[in-house]
Each structure stands twice: as structure tokens, then as C-alpha cells.
Amino acid sequence: MAAAFAHHILLSKPSSSFFFTKTLAKSNHGFTAFVSVIRRHKSTQPIAASLLELGGVQISKQDVVKDEPTNNVPDLIFTKLGLQLHRRDNHPLGILKNAIHEYFDSNYNSQFLKFDDLCPIVTTKQNFDDVLVPADHVSRSYNDTYYIDADTVLRCHTSAHQAELLRKGYTNFLVTGDVYRRDSIDSTHYPVFHQMEGVRVFSPNDWNDSGKDGTSYAADDLKACLEGLARHLFGAVEMRWVDTYFPFTNPSFELEIYFQEKWLEVLGCGVMEQEILKRGGKTDNVAWAFGLGLERLAMVLFDIPDIRLFWSTDKRFTSQFTKGQLGIKFKPFSKYPPCYKDMSFWINDSFTENNLCEIVRGVAGDLAEEVVLIDNFTNKKGMTSHCYRITYRSMERSLTDEEINELQWNVRDQVQRQMNVELR
């Protein structure tokens with residue numbers, strides 16, 4: 001749930017984690033039209049037989065990328081499974097994760113158990129129902145979530161593991177992992193990113209002598225904890241709390257800090273809804289939870305300008321970071337020139353921008369830097385035209401005109417065939 005905080009806000013902001021519902025304002029278009037796009041987008045190449053081990057579970061490509069109507073996981077997403085950037089001690093995400101672990105170890109006498117290798121394949125019950133996401137919520141749509149089948153998804157947030165951990169009796173824990181979401185293409189969004197959530201459960205003995213009710217006690221403890229974490233990561237910064245809404249906490253808050261001359265949203269949090277605790281077998285308890293996006297904070301702490309860089313294997317990037325050294329400022333290597341290509345087409349009722357971005361990523365991979373709508377209009381016949389500008393740029397080398405032209409022609413072809421739109 002804590003990570004669901006980041007999901008709640010994240011759709012309009014860089015990868016945070018406790019922000020699941022507030023800004024998910026995308027339409028759920030017809031399932032049949034959507035699935036037809038996805039099925040045409042599947043690779044026709046033979047499926048590799050190699051196995052991945054995820055959270056102690058062996059997974060093959062056939063387990064994730066299936067030729068069935070409800071599956072919308074592309075080959076590109078499967079290649080990210082098992083990479084676990086957050087478990088690499090010399091990677092910015094691993095450095096940040098370890099710094100947060102250090103804070104909790106030193107301030108809570110190692111009471112918080114840490115989980116960072118849980119399998120990202122979860123049920124829809126774990127991903128949605130267990131954190132009180134309404135049945136008709138848009139976040140459940142095939143436009144936003146990667147479905148393996150109708151009942152199984154790639155987790156959208158690390159909160160998908162919360163109920164199970166509560167049922168197993170854990171009362172203080174941190175969960176870190178890679179999460180998956182169909183999303184736009186720009187410098188702060190990527191279909192795979194990393195979240196951390198924290199949960200702390202209290203019993204009546206903890207607050208009975210405090211003069212506070214359980215909810216007030218947990219809220220005060222939560223704020224003290226996270227203000228300390230913000231100081232640990234960012235130094236002596238000005239902070240403010242903003243009241244907000246999440247479906248899984250009440251009351252709910254966002255923590256903002258004044259950093260580099262602007263207010264930065266750090267995380268979302270709140271006192272857990274009692275229904276979630278009851279489902280976890282804890283009827284007499286109260287708890288707090290928080291969630292944050294590692295990429296979001298790491299981009300600020302390390303001055304990393306583009307989220308794609310976290311996936312780079314270029315030594316000019318990877319060699320700049322050292323275990324235990326939080327906040328080393330990234331030194332850009334050569335800035336290669338962008339190439340802009342525009343594409344206009346008449347959209348249909350099943351069109352979604354996420355589907356377009358999936359196709360562009362499927363063709364261009366990380367060479368696609370941004371996809372942005374630059375013009376739209378509706379003619380007298382009621383037909384609506386969109387014009388998108390695609391920015392191509394490699395972070396490691398200059399692209400040739402021939403490469404760009406081939407990518408763009410492939411994108412145009414795939415968009416026309418898979419989305420049934422009329423190019424202009």
C-alpha cells in the first residue's frame with residue numbers, strides 16, 4: 001500500500017510510489033480493440049527457453065509473454081525482469097536504497113525487516129483488491145497495467161506484497177522492488193521503475209499511555225520518522241506536510257522539501273485503513289505506511305537528467321558511482337544531438353496514447369527519448385487528428401540519418417497496422 005502511494009501520484013510525476021489513484025485519469029477504452037492492438041504487437045520470433053529466477057521462483061518467457069487475449073506484456077518488458085537495479089550496490093538506485101536502510105537500522109535498532117527480492121508477478125487481488133483499489137478504478141485497465149492473464153499482472157507497486165507480509169506476522173518492514181506500468185515516453189517516465197514502501201504496526205500498548213488515540217499516535221510517529229529520513233538524505237532542508245487523499249490511508253499526507261530553490265514532493269504516506277489491517281489478521285492494531293520512488297529521488301540527489309540512464313551499461317555512466325557514496329553528482333558525457341520526427345493521423349475510438357508509446361518503444365527501444373502531442377484538431381466531419389513529435393536520441397552515440405529514417409518508417413507502419421489509424 002505504501003508503494004501504492006507512489007503509484008497514486010506518479011502518473012503525472014516522476015517515479016514516486018505512494019501515489020496510486022489521484023492522477024490516474026486515463027480512459028479505459030474497449031477491451032476488444034485494445035487487445036487486438038496488443039496481439040499484433042507480439043513478436044513472432046521464437047521464444048527463448050532460458051529461465052529467470054525471481055524471488056525464488058523460476059520464470060520462463062512463456063510464463064510472461066503469452067499469445068492469449070488478456071496478455072499485453074511486450075518482449076521489451078520481459079527483458080527487464082530480473083535485472084533488479086536496486087540490488088546493485090554501485091548503482092544509484094542501490095546506493096539510495098542502502099542509505100534508506102541505514103537510516104532505519106540506526107534509528108530503529110534494526111527492527112525493520114527488509115525485502116528486496118520478491119517476485120514481481122502477482123495476482124490482481126494482491127495488486128488491487130488487497131489495497132482497496134475499487135473494482136471500477138481506471139488503474140485496473142489494460143491501458144495502464146501489464147496483464148499476464150486476466151488474474152495475474154506485473155506488479156504496479158510494491159504494496160502488492162503488503163497484505164501477505166502482514167498475514168505472516170511482520171509488523172515493521174521495508175519492501176523494495178521493480179514495478180511495471182504502461183506509461184508515456186519522456187525524461188522522467190519509464191515502463192519499469194523502482195519503489196520502496198515502509199510499514200509499521202502498533203498495538204494498543206504502544207499508545208495507551210500517550211494520551212493520544214491510535215490514529216493520532218501513528219500519524220505523529222510517521223511524520224517524525226519521515227522528517228528524519230528526509231534530513232538523512234537531503235540534509236537540513238525546510239519541510240512541509242500537505243494533506244491529501246489515498247484510498248488506502250486515512251489521514252493521508254505528502255511530504256515536500258525545499259531543495260535547490262523549489263518545493264519537491266518526496267513521498268506519500270498515511271495511517272493505514274483499518275480494513276487492510278483486518279484483512280491481514282490485525283484487528284486491534286493501527287499502522288502507518290509510506291511509499292517513495294527511487295528514480296524520482298535519485299534523479300535529484302545524483303543530478304541524473306534522464307530516467308533511461310539508470311539502465312545504461314556504458315562505463316562512462318556506471319563508473320561514476322561508488323557503493324556508500326550518496327549524492328555523487330553525475331557528470332554528463334558527450335551530449336548527442338536529438339532528431340525530431342513528426343507523425344499525424346486520424347484517431348479512432350480505441351486510440352490511447354499509452355498504446356502509441358508501447359509501439360514506439362517496441363520499435364525504437366531506449367532510442368525513443370520523448371513522444372509528445374504537438375497538435376490536434378477535429379474537422380467538420382467529426383474526425384480528430386493528432387500530430388505527435390517523436391524525439392530520437394542515443395545517450396551513447398550519434399545516430400545516423402539512415403537509422404532514424406528506418407525507425408520512423410517502422411513506427412509509422414506499426415502504428416497504422418496495429419492501431420487501425422489513418423496516417424496523414
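Residues Thr124 and Gln126 have side chains that never bring a donor and an acceptor to within less than 3.5 angstrom of each other. Gln62 and Ser60 share a donor-acceptor pair across their side chains, judged by distance under 3.5 Å alone. No hydrogens or angles considered: a donor-acceptor pair under 3.5 Å links the side chains of Arg155 and His161. Side-chain contact check for Tyr388 and Glu353: at least one donor-acceptor pair (N or O, by modelled atom type) lies under 3.5 Å.
No salt bridge links Asp144 with Arg182; every basic N to acidic carboxylate O contact stays at or beyond 4.0 Å. Comment: Asp178 does not engage Arg87 in a salt bridge, judged by the lack of any side-chain N to carboxylate O separation of less than 4.0 angstrom. Between Arg393 and Asp306 no salt bridge is recorded (no basic side-chain N to carboxylate O distance below 4.0 Å). The residues Lys223 and Glu227 are annotated as not salt-bridged, no charged nitrogen and carboxylate oxygen being separated by less than 4.0 angstrom.
Using the six-membered ring where Trp is involved, Tyr103 and Tyr108 have ring planes that are perpendicular, over 60° apart on the 30 and 60° scheme. The aromatic rings of Phe290 and Phe104 sit parallel to each other, their planes meeting at less than 30°, with 60° as the upper class boundary. Using cut-offs of 30° and 60° for the angle between ring planes, the His91 and Phe310 rings count as tilted.
In this structure, the ring of Phe234 has its center less than 6.0 angstrom from the ring center of Phe259. Taking the six-membered ring for Trp and the full ring otherwise, Phe351 and His386 have centroids separated by under 6.0 Å.
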Evaluate side-chain hydrogen bond (donor to acceptor under 3.5 Å, both in side chains) for Thr352 paired with Asn354, printing each intermediate quantity in order. CA-CA 5 Å; Thr352 73; Asn354 276 357; 5.9 Å; no

Before you tell me yes or no, could you show the steps for Asn250 and Tyr245 under side-chain hydrogen bond (donor to acceptor under 3.5 Å, both in side chains), namely the whole-Å CA-CA distance, both residues' side-chain angles and the distance that decides it to 0.1 Å? CA-CA 8 Å; Asn250 184 26; Tyr245 165 79; over 6 Å; no

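Each of Phe330, Phe333, Trp311 was evaluated against Phe317; a single residue qualifies, Phe330, per the ring-ring contact (aromatic ring centres under 6.0 Å, His included) test.
The line from CG of Leu407 to CG of Leu367 is 6.0 Å long, rounded to the nearest 0.5 Å.
Judged by the 6.0 Å distance and 45° axis criteria, Lys80 is not positioned over the aromatic ring of Tyr180.
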